[in-house]
2 protein chains.
Amino acid sequence: MNRPITTIKQIADATGVHPSTVSRALDPKKRHLVADDVAKRIVAQAEALDYQPNRLAANLRLGRSDLIGVLLPDIANPVFAPILGGIAEVLSAQGYAPIVADAGNASSQQICFVERLLSQRVDGLILATVSQDDELVGFCIQRGLPVILVNRSEARDRVSSVVSDDDMGMRLAVDHLVGLGHRRIAHVAGPLSTSTGALRRDGFERAMLHHDLRGVVREATGYTREAGAQAAQHLLAATHDVTAIVAANDLLALGVLDVLKQRGLRCPEDISLVGHNDMPLMDVVSPPLTTVRIEHREMGRIAAKMLAERIKSGSPEIRHVVLRPELVVRGSTAFRAVEADA
Amino acid sequence: MNRPITTIKQIADATGVHPSTVSRALDPKKRHLVADDVAKRIVAQAEALDYQPNRLAANLRLGRSDLIGVLLPDIANPVFAPILGGIAEVLSAQGYAPIVADAGNASSQQICFVERLLSQRVDGLILATVSQDDELVGFCIQRGLPVILVNRSEARDRVSSVVSDDDMGMRLAVDHLVGLGHRRIAHVAGPLSTSTGALRRDGFERAMLHHDLRGVVREATGYTREAGAQAAQHLLAATHDVTAIVAANDLLALGVLDVLKQRGLRCPEDISLVGHNDMPLMDVVSPPLTTVRIEHREMGRIAAKMLAERIKSGSPEIRHVVLRPELVVRGSTAFRAVEADA
DNA sequence: ATTGATATTGCAATCGATTGCAAAAAGTCA
DNA sequence: TGACTTTTTGCAATCGATTGCAATATCAAT
């Protein structure tokens, strides 16, 4: 009934051989070093005793842990669920297990979590938390810990990353709106300290410029619905002729939507709205959100795969994978209202 | 630059004492065994060398891992994000780290994951995956592994659990609808193999009976939007006079909503709809969903707390925490249309 | 100064698996 | 049969921290 933890030594005793022989017999790569009949007896005995190798012990010897730390800024944010799903999927297929930490946005707290993970001797780290110039990344590099950035990247290219093409994403959004006749387009940017905030803002401005347009930009204080609402308030208070808004992220877009409703503005009739991410359920909000889709799950998968390779190869090669986003047109964007033309 | 892993032995050499003395000086509970000045020197040296204790080694000796396995049936399902958030929050505060596994619904695969976790010597397990009679639970009990069930429970009370009061939840939903004048109410049940599916179904029937009503029930094949849509199709094809539908879960409700729209039925004007869970964003769908709110984050917190206590105390006491749900009335429910009265 | 108590420190085993090296066993060939 | 491979197995160290026990140092009291 109670934990009859079987060790290699017990198998050895039961089989009348030395523990080292058992170890070899149980390792596929070393089994050839053991006489066939002995190996069979050992394997049989191991099964009979329901042996589970103790990875703690093995890993202490081998200097690894088969553990990967995953740092998220906010588990509750729905975009991270699919990323985490992709990560978990690949990691477990590769023999690793993910330790997730909901580490927030504060560098100090993140480092605290990483130190914890370090003492657990994680083999690598996947960061979804980084800012443009991140203290944490330097911290990890210093300690020689393999790191991959996912979703957000760094300004300096110190480590590998998997992100979406933010520039293209914004181009898709702006081109779509311009194609619908919009000219006065505003942007609710994410925190400019994050790559997604800064690069999407840049992308927005570049895409607008390409059409000889300039748009108002308002930076939100965080990637939350509330921050989006707040930014939208400011935006609408300052400018009266905006016909479309591009948000740096769906959550921000929802916040914008809240303000539109609250102000009696209809979406898309009065103001068109484009989000970013296409996170779960964006097709079912009202109106269904036109947004730039990012394959988050795939993003997680690639990040995990790259990290596993990085660990196995040991080579510190830096690679940046940039995924192509895709515009999903739904109900929150429409032709520019004629009245607004005046 | 590269990983200068400091060990206790290095500190010992640098300080001119024995490793065991270092170990004691660095352990708050044993520091009193070491002369004050020596302890200070050791601590200083440890900081200078940027010492990080190797938990692998300590835990091998101590027979633990400070790791907790968390099994989810589907990371992508938005209800699990807050649960996981609550778990992570408490666990890290208690010195544990969560290993999450997206283990699906198949018992065989789940056991596979648990064996993996077992070989990593996790100190305990939090299961969000269980069915009414779960093979996995027996498996864990047999191995003496502390387990807590969260969100779903077992029919047999073999281990502690934290769940919502499903019976009350359905009563809230049904009473609300009856209060609005509805009489012909149907239920889209979750898989009856899960406690949430079965108990909510029972709760629905009991609540209906309390009003001398009987409602049609249709079991969905899973907790997904598609399964909800499928169930709704069947339901609406079989019965024509339903004025309200109670879904066992928000995702199912969204599926029902899809079918209503597709059939040209308006919600709530033609048919009222109640969900369950109040998962993120349910306030922003169209129409905003009336639903039974469950404090998922709190649920995760409590589960983690109970598991930590269980591990520390070692007592196999079984406790069942049942959280009170709360009805959140939004736009998907309305007074029964008068025409339907005929 | 001697005894006894107490405070510090060191020694060595331990947790469980892995592996280089050497010993033993088995097989090959002249 | 002896010399030489090759196969199979055992020994013992190792990973890094913890801890019971023993040894030494310190101090007080007589």
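Naming convention: chains lettered A, B, ... in sequence-line order (proteins, then strands); numbering from 1 in each chain.
Rounded to an integer number of Å, the gap from R64(A) CZ to dG16(D) P is 15 Å. Distance, K9(A) NZ to dT18(C) C1': 16 Å, rounded to whole Å. Residue R55(B) contributes atom CZ, which lies 17 Å from atom P of dG16(D) at whole-angstrom precision. dG10(D) atom P lies 13 Å from atom CD1 of I8(A), rounded to whole Å. Separating the CG atom of L49(B) from the P atom of dG16(D) is a distance of 14 Å, rounded to the nearest angstrom. At whole-Å resolution of the value, CG in D66(B) and C1' in dA17(D) are 13 Å apart.
The backbone N or O of F80(A) lies less than 3.5 Å from no partner atom in the side chain of N77(A), so there is not a single donor-acceptor pair. Using modelled atom types, one side-chain atom of S65(A) and one backbone atom of R121(A) make a donor-acceptor pair closer than 3.5 Å. Side chain of S160(B) to main chain of R319(B): a donor-acceptor pair is present (N/O by atom type, distance under 3.5 Å, no hydrogens or angles). Put simply, the side chain of S195(A) gets close to the backbone of S153(A): a donor and an acceptor are under 3.5 Å apart.
In the helix from dA1(C)-dT30(D) to dA30(C)-dT1(D), the terminal helix axes, each the rotation mapping four pairs' C1' atoms onto the next four within five end pairs, subtend 60°, rounded to 10°.
Applying the side-chain hydrogen bond (donor to acceptor under 3.5 Å, both in side chains) test to K9(B) and every residue at least two apart in sequence or in another chain returns D13(B). For R116(B), the side-chain hydrogen bond (donor to acceptor under 3.5 Å, both in side chains) test picks out Q120(B), with sequence neighbours left out.
Of the side-chain N and O atoms in T21(A), none sit less than 4.0 angstrom from OP1 or OP2 of dT9(D). In terms of phosphate contacts, Y51(A) brings no side-chain nitrogen or oxygen within less than 4.0 Å of OP1 or OP2 of dG16(C).
Shown for residues 26-42 of chain B: residues whose heavy atoms fall under 4.0 angstrom of DNA chain D, namely K30(B).
Under the salt bridge (Lys or Arg N to Asp or Glu O under 4.0 Å) criterion, the residue pairs touching residues 56-75 of chain A are R55(A)-D66(A), R64(A)-D66(A), with sequence neighbours excluded. The list of salt bridge (Lys or Arg N to Asp or Glu O under 4.0 Å) pairs with a residue in residues 97-110 of chain A, not counting sequence neighbours, is empty. A salt bridge (Lys or Arg N to Asp or Glu O under 4.0 Å) check over residues 129-139 of chain A, counting only residues at least two apart or in different chains, returns the pairs D133(A)-R156(A).
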Name the atoms and distances for all side-chain donor-acceptor pairs under 3.5 Å in residues 31-45 of chain B, with sequence neighbours left out.
unit_1, atom_1, unit_2, atom_2, d
R41(B), NH2, T15(B), O, 2.7

Donor-acceptor contacts under 3.5 Å from residues 90-100 of chain A side chains, at least two apart:
unit_1, atom_1, unit_2, atom_2, d
S92(A), OG, A88(A), O, 3.3
S92(A), OG, E89(A), O, 3.3
Q94(A), OE1, K312(A), NZ, 3.1

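With rounding to the nearest 0.5 Å, the separation of NE2 in H320(A) from CG in D157(A) is 3.5 Å. If you take CD1 on I126(A) and CD1 on I83(A), they are separated by 10.0 Å, rounding to the nearest 0.5 Å.
Here R24(B) lies in heavy-atom contact (under 4.0 Å) with a base.
No option in V163(A), V159(A), V162(A) other than V159(A) meets the side chain to side chain contact (heavy atoms under 4.5 Å, CB included) test with L149(A).
Classification of R158(A) and E154(A) as a salt-bridged pair holds, one side-chain N sitting under 4.0 Å from a carboxylate O.
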What's touching nucleotides 23-27 of chain D from the protein side, N or O pairs under 3.5 Å?
none

Sub-3.5 Å pairs of nitrogen or oxygen atoms, protein against nucleotides 12-15 of chain D:
unit_1, atom_1, unit_2, atom_2, d
dT14(D), O2, R61(A), NE, 3.1
dC15(D), O2, R61(A), N, 3.2

Polar-atom pairs under 3.5 Å, protein N or O versus N or O of nucleotides 23-26 of chain C: list them with distances, or write none.
none

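L60(B) and L60(A) get closest at one heavy-atom pair: CD2-CD2, 3.5 Å.
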